[in-house]
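Just so it is clear: chains get the letters A, B, ... in the order the sequence lines come, proteins before strands, and each one is counted from 1. Nothing here was measured: the structure is a model prediction, and the numbers come from that model.
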Amino acid sequence: MKLSQLVGQRLKEAPRDAQTASHIFLIRGGYVRLVSAGLYTLLPLGRRITRKIEQILREEMDRVDGQEIRMPVVLPADLWEESGRYGKVGSELLRFKDRNGKDMLLGMTHEEAVVQVARTELVSYKQLPSMLYQIQTKYRDEARPRAGLIRVREFTMKDAYSFHNSQECLEKYYERCHEAYVRIFKRIGLKQCLSILSDSGMMGGAVSHEFMAIADCGEDTIFASPDGSYRANREVATAKLAFTKDAPQPLSKVHTPNCKTIADVAGFLKLSPEQTCKAVFYKDQDNKLVFACIRGDLEVNEAKLRKAIQCPEIDFANDELIRAAGAVPGFASLLGIDANKIRVVVDPSVSESSNLVVGANEEDHHMLNFNFARDAAGREHIIVTDIATVREGDPCPLTGQPLQALKGIEVGNIFQLGTKYSAPMSCNYLDQDGKSKPMIMGCYGIGVGRAMAAVIEQCHDDYGPVWPMAIAPFQVHLIGLNINQPEVRQACDKLYQSLIDAGIDALYDDRGEKAGFAFADADLIGVPLRLVVSPKTLAQNQVEFKQRSWGKRSELIALDGVLPFVQQQIQELMALCRPDTPTA
RNA sequence: CGGGGCGUAGCGCAGUCUGGUUAGCGCGAGUGGUUUGGGACCACUAGGUCGGGGGUUCGAAUCCCUCCGCCCCGACCA
């Protein structure tokens with residue numbers, strides 16, 4: 001490819017809207033262009049990269065016996081009615097009617113569609129296990145697209161679905177897919193990509209993992225122990241907190257004028273927040289009250305709370321709703337709350353601690369020495385479960401070491417779905433005993449564009465991306481300086497042709513721009529290997545060579561040895577992304 | 001959906017508060033020339049519904065109303 005013909009201009013200045021490294025360089029380098037919020041056109045450079053990523057995805061999916069298919073983007077709503085998701089999923093599902101008034105939708109994920117395939121094509125246990133995958137467009141009507149390709153509305157996804165006749169088979173296969181994912185992210189050149197335990201959210205199912213590319217601009221917070229033995233998303237992370245357990249002291253009421261917050265109470269009573277109990281009121285989608293109880297220094301984790309009460313949507317309750325339940329806002333506690341009337345969730349930090357300060361459920365009063373076992377005894381409707389948000393430095397649940405907080409971009413995830421979709425949609429197979437049984441399913445997704453952006457986040461310098469060889473838009477970037485001189489032009493043309501003939505993916509800057517201009521463009525395009533030919537180098541029968549990652553350093557190589565040298569370099573850089581040793 | 005910011009040439013911006021000739025500047029683009037190893041220089045040229053609509057006014061990029069779009073924070077998110 002000649003740079004003079006390449007569509008997609010490099011920009012000296014980034015659009016004001018671009019703030020993260022990947023967004024800035026994707027725009028400045030001419031990889032993508034914004035069409036509308038969260039909708040991008042991939043220009044030739046961007047498309048070259050995503051094609052290479054997609055090829056790696058195909059190879060690795062095929063390695064775990066996947067078979068590529070293609071399902072429609074547009075799906076009939078009735079298919080989603082079958083699984084029950086049509087009504088459950090919110091407005092990120094784009095719904096519309098076709099010309100006949102039939103309800104349609106744009107697929108945001110394809111469990112329903114693939115189940116329809118499986119239930120007609122897979123009928124016997126002899127055909128299981130089986131895995132189908134596709135690389136295809138997904139549409140999600142995101143409330144807030146952000147950071148270029150990190151969060152978009154339309155994107156390309158590799159989505160894979162496996163079908164099994166037993167949980168054991170699923171678990172074994174899930175492990176294979178996990179390994180495939182580790183290989184994939186290594187092959188595309190991510191330097192740090194961790195698989196972590198995650199909340200399965202709307203996908204349902206028991207076990208799921210997210211693959212997180214570690215990056216400061218990431219939207220997810222991960223907690224990890226220093227030795228790497230424990231890693232979890234903030235939504236599910238737990239900590240092994242120590243609770244002080246002293247002999248229970250008698251309950252006593254104390255006057256606490258205007259002490260509505262934990263800080264007020266602790267300050268007024270000259271106690272630490274750890275010695276208090278926080279009462280937080282939520283409401284569910286039916287406006288019913290949910291009462292969460294946690295030690296004063298901790299914060300309620302809403303994802304955990306939603307899970308604890310099996311409720312997809314919660315929000316803070318207003319004072320009116322709290323009063324209607326007989327509680328006094330700011331001074332509420334388990335004391336005086338009828339656990340039979342409202343749902344109560346108590347964190348172990350409260351049930352396992354002793355002599356806490358709690359609200360007296362009376363204006364301007366608190367109670368000293370609350371002990372859950374003694375003072376809330378016999379309330380069988382109370383759910384006691386972990387609803388605490390983990391903080392950096394909290395003890396790891398496995399090792400007790402202080403947990404580290406990391407920011408990550410979710411580039412992939414895998415789920416053990418079980419029969420969540422197969423059962424309601426009658427996706428059955430005939431077992432050896434002739435009985436019809438629902439298939440056990442797993443699903444496995446990777447966002448292609450997001451993966452490309454994540455690579456930039458991890459692989460760039462001040463001047464542009466530093467593409468890993470495996471997904472670089474080109475393998476070699478050839479620059480001719482003073483190319484208006486016929487001997488330079490001739491030498492460059494010849495070198496370019498020999499690279500092409502050798503099957504090397506070469507980009508040829510034949511524009512005759514000044515050196516600085518050409519180099520700045522080359523940095524933005526980020527091709528891993530660079531060759532510079534100029535009158536100076538030609539005079540010595542040499543070519544200047546550098547790796548993109550070297551910064552401004554370079555070395556001279558003999559002109560007649562360029563081809564084998566470049567081939568060697570390509571091999572060496574490809575080796576950096578070889579997935580030989582799965583580590584994550 | 002809540003809070004904040006922004007919308008003037010392909011990109012980055014000035015002008016708006018305090019209304020007034022023909023709406024400017026830099027980058028980028030085109031032509032000609034001088035240059036040529038880290039984003040050169042000179043000259044000329046092209047490129048604008050000042051986000052849209054409505055209003056106030058002798059006169060609106062500028063003031064008022066309204067709609068739309070984009071970005072950031074939050075909520076939400078397989």
Side-chain angles (χ1 to χ4, degrees), chain A residues 8-20 23-24 27-28 30 33-39 80 83 85 88-93 107-112 114 138-148 150-153 155 157-161 198-205 208-210 217 219-220 233 235 285 302-303 306 312-316 410 412-415 417 420-421 443-447 450 462-464 479-485 488 511-524 530 532-537 544 546 551-554 556:
Chain A
Q9 292 195 61
R10 269 78 51 206
L11 305 176
K12 205 166 187 174
E13 292 169 293
R16 181 189 32 215
D17 293 342
Q19 304 205 347
T20 60
H23 191 186
I24 290 169
I27 300 294
R28 282 196 55 206
R33 289 290 180 253
L34 179 77
V35 174
S36 181
L39 301 174
W80 276 54
S83 70
R85 271 209 295 192
K88 274 190 201 148
V89 175
S91 44
E92 68 266 29
L93 178 64
M108 52 194 286
T109 172
H110 278 70
E111 283 75 18
E112 285 81 359
V114 80
K138 298 281 178 282
Y139 186 86
R140 293 181 193 182
D141 213 0
E142 287 287 347
R144 191 156 95 76
R146 60 173 290 270
I150 301 288
R151 177 165 295 274
V152 289
R153 292 195 291 178
F155 58 100
M157 183 188 211
K158 188 284 298 170
D159 46 327
Y161 308 87
S198 69
D199 181 23
S200 46
M202 95 174 199
M203 293 298 290
S208 68
H209 285 84
E210 293 169 339
C217 73
E219 301 178 282
D220 291 270
N233 193 309
E235 295 182 345
Q285 65 267 53
E302 293 187 13
R306 278 196 299 269
E313 239 176 271
I314 53 171
D315 198 359
F316 288 119
E410 184 187 342
N413 53 23
I414 55 178
F415 299 84
L417 292 174
K420 181 182 157 82
Y421 296 91
C443 76
Y444 319 87
I446 288 178
R450 187 185 276 187
D462 291 348
Y463 305 100
I479 298 172
L481 294 181
N482 298 85
I483 204 164
N484 53 345
Q485 298 181 18
V488 177
R511 300 171 301 169
E513 291 288 351
K514 286 191 55 143
F517 198 92
F519 294 158
D521 273 354
D523 287 343
L524 279 172
R530 187 179 307 173
V532 181
V533 174
S534 72
K536 255 196 253 176
T537 66
E544 182 181 305
K546 72 184 277 188
K552 302 209 164 154
R553 184 164 69 84
S554 67
L556 289 166

Each nucleotide of nucleotides 70-75 of chain B classed B (base within 4.0 Å of a protein heavy atom), S (only sugar-phosphate) or -, in 5' to 3' order, makes SSBBBB

Reading nucleotides 25-34 of chain B from 5' to 3' and marking B where a protein heavy atom lies under 4.0 Å of the base, S where only the sugar-phosphate is that close, and - otherwise, the string is -BSS------

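A/Glu142 pairs by the salt bridge (Lys or Arg N to Asp or Glu O under 4.0 Å) definition with A/Arg151, not counting sequence neighbours. With sequence neighbours left out, A/Tyr463 forms a side chain to side chain donor-acceptor pair (under 3.5 Å) with no residue at all. Under the side-chain contact (heavy atoms from CB on, under 4.5 Å) criterion, A/Ala18 pairs with A/His23, A/Ile24, not counting sequence neighbours. The side-chain contact (heavy atoms from CB on, under 4.5 Å) search around A/Val532 returns A/Ile479, A/Leu481, A/Phe519, A/Arg530, A/Glu544, not counting sequence neighbours. Annotation: side chain to side chain donor-acceptor pair (under 3.5 Å) contacts of A/Asp159 (sequence neighbours excluded): A/Gln134, A/Lys138, A/Tyr161. Partners of A/Arg146 according to the side chain to side chain donor-acceptor pair (under 3.5 Å) rule, which considers only residues two or more places apart in sequence or in another chain, are A/Glu219. Annotation: side chain to side chain donor-acceptor pair (under 3.5 Å) contacts of A/Asp141 (sequence neighbours excluded): A/Tyr139, A/Arg153. Taking A/Gln485 as the reference, A/Asn482, A/Glu487, A/Val488, A/Pro535 meet the side-chain contact (heavy atoms from CB on, under 4.5 Å) condition, with sequence neighbours excluded. Take A/Glu513 and apply the side-chain contact (heavy atoms from CB on, under 4.5 Å) test, not counting sequence neighbours, and it matches A/Arg511, A/Phe517.
Spacing between B/A75 and B/C68 at atom C1', rounded to whole Å, works out to 23 Å. The C1' atoms of B/U62 and B/C50 are separated by 10 Å, rounded to the nearest whole Å. B/C25 sits 13 Å from B/A43 when the P atoms are compared, rounded to a whole Å. Rounded to whole Å, the separation between the P atoms of B/G74 and B/A29 comes to 38 Å. Taking the C1' atom of each, B/G3 and B/A46 are spaced 44 Å apart, rounded to whole Å.
Counting any heavy atom pair closer than 4.0 Å across all strands shown, A/Lys536 reaches a base atom. No engagement by A/Arg10 is indicated, since no non-hydrogen atom pair under 4.0 Å with the nucleic acid exists. Among the heavy atoms of the strands, none lies under 4.0 Å from A/Asp159. Using a 4.0 Å heavy-atom cutoff across all strands shown, A/Phe155 reaches at least one base atom of the nucleic acid. A/Lys158 comes within contact range of no nucleotide atom at all, as no heavy-atom separation falls under 4.0 Å. Looking at heavy-atom distances under 4.0 Å, A/Leu524 makes contact with a base. Across all strands, A/Thr537 comes closer than 4.0 Å to base atoms (heavy-atom distances).
Taking a 6.0 Å sphere around CD of A/Glu302, one finds it holds more than 12 heavy atoms contributed by other residues, nucleotides or ligands.
Nearest-nucleotide assignment on RNA chain B puts the 5′-proximal partner with A/Ala515, out of A/Asp220 and A/Ala515.
B/G39 atom C1' lies 13 Å from atom CD1 of A/Ile479, rounded to whole Å. Whole-Å rounding puts the A/Leu481 CG to B/U35 P distance at 18 Å. Between the CG atom of A/Asp523 and the P atom of B/G38 there is a distance of 13 Å, given to the nearest Å. Going from atom CD of A/Glu142 over to atom P of B/C1 covers 15 Å, rounded to whole Å. If you measure from atom CZ of A/Arg28 to atom P of B/G12, you get 12 Å, rounded to the nearest angstrom. Between the CZ atom of A/Phe519 and the P atom of B/G38 there is a distance of 7 Å, rounded to whole Å.
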Close N or O pairs between protein and nucleotides 42-44 of chain B (under 3.5 Å):
none

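Inter-residue side-chain proximity for A/Val89 and A/Met108 is flagged as met; some heavy-atom pair is nearer than 4.5 Å.
The nucleotide B/A29 finds its pairing partner in B/U45, both defining distances of the Watson-Crick or G-U wobble pair being shorter than 3.5 Å. Under the Watson-Crick and G-U wobble criteria, each requiring two contacts below 3.5 Å, nucleotide B/A9 is left unpaired.
Note on A/Glu111 versus A/Arg85: salt bridge recorded, some NZ/NE/NH1/NH2 to OD/OE distance being below 4.0 Å.
In this structure, the nucleotide among B/U36, B/G38, B/C77 sitting nearest to the side chain of A/Arg530 is B/G38.
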